[in-house]
Amino acid sequence: QVQLVESGGGLVQAGGSLRLSCAASGRPFSRYAMGWFRQAPGKERATVAAISRNGESTYYTDSVKGRFTISRDNANNMMYLEMKSLTPEDTAVYFCAAGLVFRTSDEYDYWGQGTQVTVSS
């Protein structure tokens, strides 16, 4: 089992920045690919970004390319999502997830509870 806890969400004005964190515990963090996902009201959960076990491979959905950066710190069991130039369309609950396989879909095995990001216009 892997336990995941997100933090760093909040209310920010359009054009602002936030940094989300995902703290992992349980099995060795470096065994797992990780991802960030989001679900806006009335919409399905969608992949935002993903990162391979060693951090060498990353994926971003088109709408966040150039604005968001995913990273991980295997020594401290942490993953991050740096978000810049936020727009109201980025408003959603953001989830982190872990899985044994690096995927761009949301087929991950372990999920956090989510953190709310709200971007005001």
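Since the model is a prediction, treat every value here as computed from it, not as a measurement. Counting from 1, the numbers follow the sequence of the chain as shown.
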Which heavy-atom pair separates [X] from [Y] by the least distance, and what is that distance?
X: Ala49; Y: Leu81; result: CB-CD1, 4.3 Å
X: Ser21; Y: Met78; result: CB-CE, 3.8 Å
X: Gly9; Y: Thr115; result: N-OG1, 3.2 Å
X: Ser105; Y: Thr47; result: C-OG1, 3.6 Å
X: Arg38; Y: Ser63; result: NH2-OG, 3.4 Å

Counting C-beta onward and ignoring hydrogens, is there a side-chain heavy-atom pair between [X] and [Y] closer than 4.5 Å?
X: Cys96; Y: Phe37; value: no
X: Thr91; Y: Val117; value: no
X: Val5; Y: Gln113; value: no
X: Arg67; Y: Tyr60; value: no
X: Glu6; Y: Leu20; value: no
X: Tyr110; Y: Gln3; value: no
X: Met34; Y: Tyr80; value: no
X: Tyr32; Y: Ile51; value: no

Ring center gap for Tyr59 and Phe102 short of 6.0 angstrom: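 No, ring centres 6.0 Å or more apart.
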
Approximate separation, where rounding is to 0.5 Å, of Asp109 CG and Gln1 CD: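 Here the interatomic distance stands at 9.5 Å.
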
Pi-cation contact, Tyr108 with Arg103 (under 6.0 Å, within 45°):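 Judged by the rule (NZ or CZ under 6.0 Å from the ring centre, within 45° of its axis), Arg103 is not positioned above Tyr108.
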
Expected output: side-chain Ser17 to main-chain Lys84 donor-acceptor under 3.5 Å: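 Side chain of Ser17 to backbone of Lys84, a donor-acceptor pair under 3.5 Å: no, none is there.
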
Aromatic plane relationship, Phe68 with Tyr94 - under 30° parallel, 30 to 60° tilted, over 60° perpendicular: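 Tyr94 and Phe68: tilted rings.
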
